[in-house]
Amino acid sequence: MSSSSTSALEIEIFQYTDAHQSDFIENLKEWVAVESNSVQPDLRKEVVRMMALAADRLAALGATVNLVNLGSHQLPDGQDLPLPPVILGELGKDPQNPTICFYGHVDVQPAKKEDGWNTDPYTLTEIDGNLYGRGATDNKGPVLAWINAMETFRALKLAMPVNFRFVIEGMEEVGSLGLENLLEEENQCFFSDVDYFVISDNLWLSNKKPALTYGSRGNACFFVEVECGSKDLHSGTFGGIIHEPLMDLITLLDSLVDPTGCIQIPGIYDSVAALREEERKLYKSIEFDLEEHKNNSGVKKFIFGTNEEILLHLWRYPSLSIHGIEGAFHEPGIKTVTPAKVIGKFSIRQVPHMDLLVVKQQVVEHLKAVFSKRNSPNKLKVSKPLGSKPWLADVNDLSYKAARRAIKTVFGEDPDFIRDGSTVPVARMFQTITQKSVMMLPIGAADDGEHSQNEKISRHNYIKGTKLFAAFFLEISKLHRHLHETSHTETNN
Ligand SMILES: NCCCC(=O)N[C@@H](Cc1c[nH]cn1)C(=O)O
Ligand SMILES: [Zn+2]
Ligand SMILES: [Zn+2]
């Protein structure tokens, strides 16, 4: 469907895209077939193979591709494992054109058929208009949609309206190891002429309505370790006469959040930016379907009952989640052991203007205070292995204006302006390091199930996403040229 303002050029591009749907889906099928799971060390070679495939595809478009070696990293068992290279690609150096740097990742979360998938996770399978497969939406589909859009310009022999830069990595799912250093090193080189960064690695808020994302929460991950000695004990021989580490730990974990979701760590909300009335109004106006969101989650009841409260608690306030306990018996059946050492894992999503150092101090003080009340002789250790800051963009940036127009052209409606409750550390990294404009332009729908069983992207979103990116190239080019012509004229006068 095209809106009345669709240009002849856009119509030509959209017709080409529609006519080549099967080719674009074949490309995605080829990528999904690679088990580029960055979590499991024994699959690292598949991540490396995936990086080579992505590099080849960019090179076929005429891009200069540099596979940057990031060295190696140490696994928990002390073994050294090479990191996959990062792709730095470039195509076009026309000084009249804006330079857009697209970031994406081609590693995936683990997936096994027996986890509850209805189809083989590595065989892209279309059912009722949905393309199921690991990485279909996170993030191979969106990366390919961007490449498909470029391919369309090339196939139609159209001049590229923008200069392209690429950062494609293969370690996003495990914390983008080595990427921040590379961005810092390349800030004055590879990134020096970038005008706008675009990331398409998140989802719409709704299953149907397109969105533009202007913020994401950061995250502070914590380990809390309790240890009573060097070996596990028989609970019949020692139960009842020792301070069990798991009991200490459960008390500690239980002290973190009350049943209304409120974090119990003193001072944690102190620096959260005050909510302005316009912002509250904005949240009220977003078309958010609470029932749809509940259905997507598969749970029966949320803590909050209104759209406004839900959005505030997802985007605007910190939240604390407990992820697991290392060392605790978790397998089926009975084992009457008392573990000597257990590590609780939790994280606190960060919002402006929380400070990671202050948060760590508050967490440590709170846990120590709770622990001291138990008079336990056990050893307590608290650490923060990972911390990333929140990201917030300026929606007045030209890229947002261009994307909004492109969305209207392709989807026939204005997008929701949304924030993301999860963390996309690279958005904040690009912003802090380069001081340039960063935008998140999702093409996946809320029910795509990233990281979950039966991950998918719909054919509709994949193909319209391809058109959206092509329309965005044209819009940003127009707006950028106009801005520069205007400022040039003003300078000359
Ligand atoms: N919708 C985008 C999701 C990206 C994502 O899943 N990010 C992780 C990153 C992370 C944060 N803390 C540790 N890893 C997330 O959990 O938000
Ligand atoms: Zn992702
Ligand atoms: Zn992911």
Side-chain angles (χ1 to χ4, degrees), residues 31-32 35-40 47 50 54 86 102-111 121 133-146 167-177 179-180 198-206 211-223 293 296-297 314-315 318-324 345-351 354 356 359-360 383-391 393 416 418-430 438-453 455-457 461 465:
W31 279 23
V32 165
E35 192 174 352
S36 50
N37 164 351
S38 52
V39 180
Q40 258 168 265
V47 181
M50 188 60 236
V86 168
F102 179 82
Y103 162 88
H105 67 90
V106 289
D107 59 318
V108 295
Q109 284 282 330
R134 178 53 95 220
T137 199
D138 182 19
N139 180 229
K140 291 175 176 177
V143 172
L144 268 174
W146 188 275
V167 178
I168 312 280
E169 66 158 321
M171 288 297 277
E172 192 276 345
E173 298 295 1
V174 285
S176 297
L177 302 183
L179 189 67
E180 191 162 14
V198 176
I199 301 168
S200 184
D201 187 21
N202 70 313
L203 303 176
W204 297 345
L205 181 63
S206 128
L212 263 172
T213 308
Y214 64 93
S216 66
R217 291 192 292 186
N219 206 8
C221 296
F222 288 93
F223 290 173
H293 204 60
N296 289 346
S297 75
L314 281 179
W315 299 349
S319 61
L320 190 152
S321 299
I322 297 174
H323 307 297
K345 304 193 176 181
F346 66 94
S347 70
I348 305 175
R349 296 285 169 177
Q350 304 289 300
V351 296
M354 292 170 87
L356 288 166
V359 168
K360 177 165 181 196
S383 59
K384 181 175 74 64
L386 196 71
S388 43
K389 294 175 181 173
W391 162 75
D416 277 330
I418 63 169
R419 285 161 79 152
D420 199 310
S422 59
T423 306
V424 184
V426 73
R428 173 77 187 225
M429 281 182 212
F430 281 131
V438 180
M439 175 176 70
M440 296 213 311
L441 176 53
I443 62 166
D447 61 350
D448 278 1
E450 47 177 13
H451 295 199
S452 189
Q453 293 90 342
E455 176 183 346
K456 58 93 177 160
I457 190 166
N461 280 43

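Order of appearance sets the numbers: ligands from 1, and atoms from 1 within every ligand.
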Engineer: Taking all atoms of both residues into account, what is the closest heavy-atom pair of Trp146 and Val198, and its distance?
Structural biologist: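 Minimum heavy-atom contact is CZ3-CG1, 3.9 Å.
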Engineer: Only counting residues at least two apart or in another chain, list the ones meeting side-chain contact (heavy atoms from CB on, under 4.5 Å) with Val86.
Structural biologist: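 If we apply the side-chain contact (heavy atoms from CB on, under 4.5 Å) test to Val86, skipping adjacent residues, the hits are Leu70, Leu88, Val167, Glu169, Leu179, Leu182.
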Engineer: Could you report the tightest heavy-atom contact between Pro110 and Gln40, atom names first, then the distance?
Structural biologist: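 In terms of heavy atoms, the two residues are closest at CB-OE1, 4.2 Å.
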Engineer: Number the atoms of ligand 1 from 1 as they appear, then name those within less than 4.0 Å of a heavy atom of Asp420, with their elements.
Structural biologist: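 So the answer, numbered in order with elements, is 1 (N).
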Engineer: About how many Å separate CG of Asn461 and NZ of Lys456, when rounded to the nearest 0.5 Å?
Structural biologist: 6.5 Å
Engineer: For ligand 1, is any non-hydrogen atom under 4.0 Å from Arg349's backbone (N, CA, C, O), its side chain (CB onward), both, or neither?
Structural biologist: side chain
Engineer: Provide, to 0.1 Å, the distance between atom 14 (N) of ligand 1 and the closest protein heavy atom, together with that atom's residue and name.
Structural biologist: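 The protein heavy atom lying closest is Leu386 CD2, 4.3 Å.
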Engineer: At under 4.0 Å between heavy atoms, is it the side chain or the backbone of Asn219 that contacts ligand 1, or both, or neither?
Structural biologist: side chain
Engineer: Of all N, O or S atoms in Glu173, which has the smallest distance to the Zn ion (ligand 3)?
Structural biologist: OE2
Engineer: Is the distance between the Zn ion (ligand 2) and the nearest N/O/S atom of Asp138 smaller than 2.8 Å?
Structural biologist: yes
Engineer: What protein heavy atom lies closest to atom 9 (C) of ligand 1? Include the residue and the distance to one decimal.
Structural biologist: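 So the nearest neighbour among protein heavy atoms is Thr423 O, 3.5 Å.
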Engineer: Could you list the residues that satisfy side-chain contact (heavy atoms from CB on, under 4.5 Å) with Leu386, not counting sequence neighbours?
Structural biologist: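 Partners of Leu386 by the side-chain contact (heavy atoms from CB on, under 4.5 Å) criterion, ordered by chain and then number, come out as Cys221.
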Engineer: Looking only at protein heavy atoms, identify the closest one to atom 3 (C) of ligand 1 and say how far it is in Å.
Structural biologist: Ser422 OG, 3.4 Å
Engineer: List the closest protein heavy-atom neighbour of atom 6 (O) of ligand 1: residue, atom name, distance to the nearest 0.1 Å.
Structural biologist: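 Closest protein heavy atom to atom 6 (O) of ligand 1: His451 CE1, 3.4 Å.
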Engineer: How long is the gap from NE2 on His451 to OG on Ser422, to the nearest 0.5 Å?
Structural biologist: 8.0 Å
Engineer: Among all protein non-hydrogen atoms, which one is nearest to atom 1 (N) of ligand 1, and what is the separation to 0.1 Å?
Structural biologist: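 Here the nearest protein heavy atom works out to Glu450 OE2, 2.8 Å.
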Engineer: Which protein heavy atom lies closest to atom 2 (C) of ligand 1, and at what distance to 0.1 Å?
Structural biologist: Asp201 O, 3.1 Å
Engineer: Calculate the angle formed at the Zn ion (ligand 2) by NE2 in His105 and OD2 in Asp201; 10° precision is enough.
Structural biologist: 90°
Engineer: Please report the closest heavy-atom contact between Asn37 and Val47, naming both atoms and the distance.
Structural biologist: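 Looks like O-CG2, 3.6 Å.
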Engineer: Apply side chain to side chain contact (heavy atoms under 4.5 Å, CB included) to Glu455 and Gln109, showing your working.
Structural biologist: CA-CA 10 Å; Glu455 176 183 346; Gln109 284 282 330; over 6 Å; no
Engineer: When rounded to the nearest 0.5 angstrom, what is the spacing between OG1 in Thr423 and CG in Asn202?
Structural biologist: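 One finds 11.5 Å between OG1 of Thr423 and CG of Asn202.
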Engineer: Counting backbone and side-chain atoms alike, does Glu172 have an N/O/S atom under 2.8 Å from the Zn ion (ligand 2)?
Structural biologist: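 Here the distance criterion (N, O or S atom, under 2.8 Å) is not met by Glu172, so no.
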